[in-house]
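Read through the structure below, which is laid out as structure tokens, and then see the notes.
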Amino acid sequence: MEDFLVRYKTIFENTGTATILIEEDMTISMVNTELERMAGIEKSQIEGKIKITELLADADREKVMANHRLRRRYPDLAPRNYPCRVRDGAGNIRECILTVAMIAGTRQSVASITDISRQKQLERQIAEISENERRQMGRVLHDDLGSHLAGVEAMSSLLSARLEKQGHSDAPLAREIRELINQAISKTRAMVRGLLSVDLADTGFMAALGRYAADVQKAFGLKCRVVSDVQDQGFGNVEVLTHMYYIVREAVNNAARHGKADEIQIRVMAKTPDFIIEVADNGCGMDEGRNGGKGTGLLIMQHRADLIGAGLSIGENPSGGIIVRCRIEKKYLL
């Protein structure tokens with residue numbers, strides 16, 4: 001038995017990743033040196049003294065606790081791998097992947113924590129480059145192609161008017177050409193709107209949400225409104241707000257197109273310790289309308305949330321449909 005424990009501890013210590021042993025009450029009973037190094041806290045200050053939630057960023061605690069309980073009731077339903085953020089001894093946040101499994105015959109679980117902070121930083125840089133390229137392409141379409149087409153349309157309009165006045169047989173053809181040019185202009189403008197992201201620095205976050213809600217009502221013929229206790233003043237991180245804005249847009253679009261909702265409410269809350277946005281709808285729910293939660297839109301929302309360090313959750317709306325909730329610590333908005 002003693003030899004087995006020695007081998008077990010040797011394996012535990014040399015897994016190559018930060019590893020912890022978690023009791024049923026979430027107390028950390030054992031850590032390896034790699035976890036000690038990542039957290040910047042000595043083993044003696046962790047083992048048997050703190051719970052795993054105390055190592056996590058505030059926004060991730062609820063998720064980890066829920067998975068911890070689910071793993072002990074329905075092991076097959078609990079995720080084995082999922083993102084979370086670890087707070088080290090200096091208060092710095094590390095973006096990580098948590099891999100958890102139950103230890104057979106016990107109520108304990110073992111978890112490895114892989115630091116992917118550098119990877120996430122590179123992803124954010126790539127996303128920023130991609131966004132800049134989109135803006136550049138949008139500006140080229142607007143300033144170059146758009147103005148060129150407008151000039152051609154003006155010339156075709158003049159030619160069409162002359163041929164009409166002369167009663168020329170090619171007048172109908174000239175009108176058709178002018179119509180085709182106008183269609184090209186409309187398509188170009190639509191492409192520009194898709195490529196140029198909303199300018200929250202000028203528009204303001206809440207004003208942009210209000211305008212979008214109004215556009216949704218017109219486009220889909222449903223009720224979409226914004227409920228908030230928030231003003232734009234005080235939140236200056238435009239990059240983070242832009243990602244949250246597009247998370248809202250994706251959630252609303254899913255509800256309107258796939259969830260078959262006729263009422264959508266966008267709730268923005270900042271009186272809590274965190275900044276929270278909820279998109280609640282009264283549609284058909286997740287399973288029927290949204291591919292069991294595996295649709296591209298949901299993946300895009302999760303990716304944007306990961307880029308800014310926000311927590312994203314999707315649950316049932318008590319009144320029908322679903323609620324998409326995005327939560328982020330207020331300090332990331334300053």
Side-chain angles (χ1 to χ4, degrees), residues 59 62-63 193-194 196-286 288-291 293 295-330 332-334:
E62 183 179 339
K63 173 176 65 177
R193 285 195 298 271
L196 291 179
S197 58
V198 62
D199 189 352
L200 296 182
D202 291 337
T203 307
F205 181 70
M206 295 308 304
L209 285 183
R211 291 180 185 178
Y212 178 64
D215 290 342
V216 169
Q217 291 193 148
K218 293 178 182 177
F220 293 98
L222 53 78
K223 184 177 181 180
C224 183
R225 62 193 183 104
V226 179
V227 178
S228 173
D229 62 6
V230 178
Q231 294 181 347
D232 285 320
Q233 291 81 3
F235 296 122
N237 194 325
V238 175
E239 179 185 353
V240 171
L241 287 171
T242 299
H243 280 293
M244 297 195 79
Y245 172 80
Y246 281 107
I247 288 172
V248 171
R249 286 187 60 134
E250 196 66 51
V252 171
N253 185 64
N254 278 350
R257 291 184 181 275
H258 308 299
K260 302 174 184 177
D262 56 28
E263 184 172 347
I264 301 172
Q265 187 176 94
I266 303 168
R267 297 192 285 261
V268 185
M269 296 163 280
K271 290 183 178 178
T272 62
D274 298 325
F275 185 88
I276 302 172
I277 296 182
E278 293 182 347
V279 177
D281 69 73
N282 65 345
C284 63
M286 183 71 70
E288 294 180 35
R290 304 173 211 194
N291 301 318
T296 302
L298 299 180
L299 294 177
I300 291 173
M301 286 191 288
Q302 185 63 65
H303 179 66
R304 286 190 179 274
D306 290 344
L307 285 177
I308 60 175
L312 186 75
S313 63
I314 302 172
E316 294 183 356
N317 187 349
S319 59
I322 67 169
I323 297 178
V324 176
R325 179 180 292 109
C326 186
R327 177 193 301 265
I328 190 168
E329 295 181 51
K330 286 181 182 177
Y332 293 117
L333 295 169
L334 302 178

From Cys326 SG over to Tyr245 OH, what is the distance, rounded to the nearest 0.5 angstrom? 15.0 Å

Partner residues of Arg267 under the side-chain hydrogen bond (donor to acceptor under 3.5 Å, both in side chains) criterion, sequence neighbours left out: Gln265, Glu278

Looking at every heavy atom in both Asp281 and Ala261, which two are closest together, and how far apart are they? CB-CB, 3.8 Å

Looking at every non-hydrogen atom in both residues, tell me the closest pair between Val216 and Cys224 and how far apart they are. CG1-CB, 4.1 Å

Show the numbers, then the answer: is there a side chain to side chain contact (heavy atoms under 4.5 Å, CB included) between Leu298 and Asn254? CA-CA 8 Å; Leu298 299 180; Asn254 278 350; 3.7 Å; yes

Who are the side-chain contact (heavy atoms from CB on, under 4.5 Å) partners of Glu316, not counting sequence neighbours? none

His303 side, atom NE2; Ile308 side, atom CD1 - distance, nearest 0.5 Å: 11.0 Å

By side-chain contact (heavy atoms from CB on, under 4.5 Å), which residues pair with Asn237, not counting sequence neighbours? Glu239, Val240

Partner set under side-chain contact (heavy atoms from CB on, under 4.5 Å) for Ala305, not counting sequence neighbours: Ile247, Gln302, Ala310, Leu312

To the nearest 0.5 Å, atom CG of Asp306 lies from atom CE of Met301 at 12.0 Å

Run the side chain to side chain contact (heavy atoms under 4.5 Å, CB included) test on Val248 and Ile277 for me, step by step, so that the C-alpha distance in whole Å, both residues' side-chain angles and the decisive distance to 0.1 Å come before the verdict. CA-CA 8 Å; Val248 171; Ile277 296 182; 3.4 Å; yes

Take Arg225 and Ile266 through the side chain to side chain contact (heavy atoms under 4.5 Å, CB included) test and state the conclusion after the steps. CA-CA 6 Å; Arg225 62 193 183 104; Ile266 303 168; over 6 Å; no

I would like to know whether His243 and Leu307 meet side chain to side chain contact (heavy atoms under 4.5 Å, CB included); could you show each step before the answer? CA-CA 8 Å; His243 280 293; Leu307 285 177; 3.8 Å; yes

To the nearest 0.5 Å, what is the distance between CD1 (Ile264) and CD (Gln217)? 9.5 Å

Checking Asp274 side chain against Ile276 main chain: does a donor-acceptor pair fall under 3.5 Å? no

All side-chain hydrogen bond (donor to acceptor under 3.5 Å, both in side chains) counterparts of Glu62, not counting sequence neighbours: none

Contact check, side chains of Leu209 and Val268, non-hydrogen atoms, under 4.5 Å: yes

Tell me, please, which residues at least two apart from Arg257 pass side-chain hydrogen bond (donor to acceptor under 3.5 Å, both in side chains). Asn253

Interatomic distance, CZ@Arg327 vs OG@Ser313, rounded to 0.5 Å, equals 7.5 Å

With sequence neighbours excluded, what pairs up with Asp262 under the side-chain hydrogen bond (donor to acceptor under 3.5 Å, both in side chains) test? Asn282

Find the distance between CZ (Phe275) and CE (Met244) and round it off to the nearest 0.5 Å. 5.5 Å

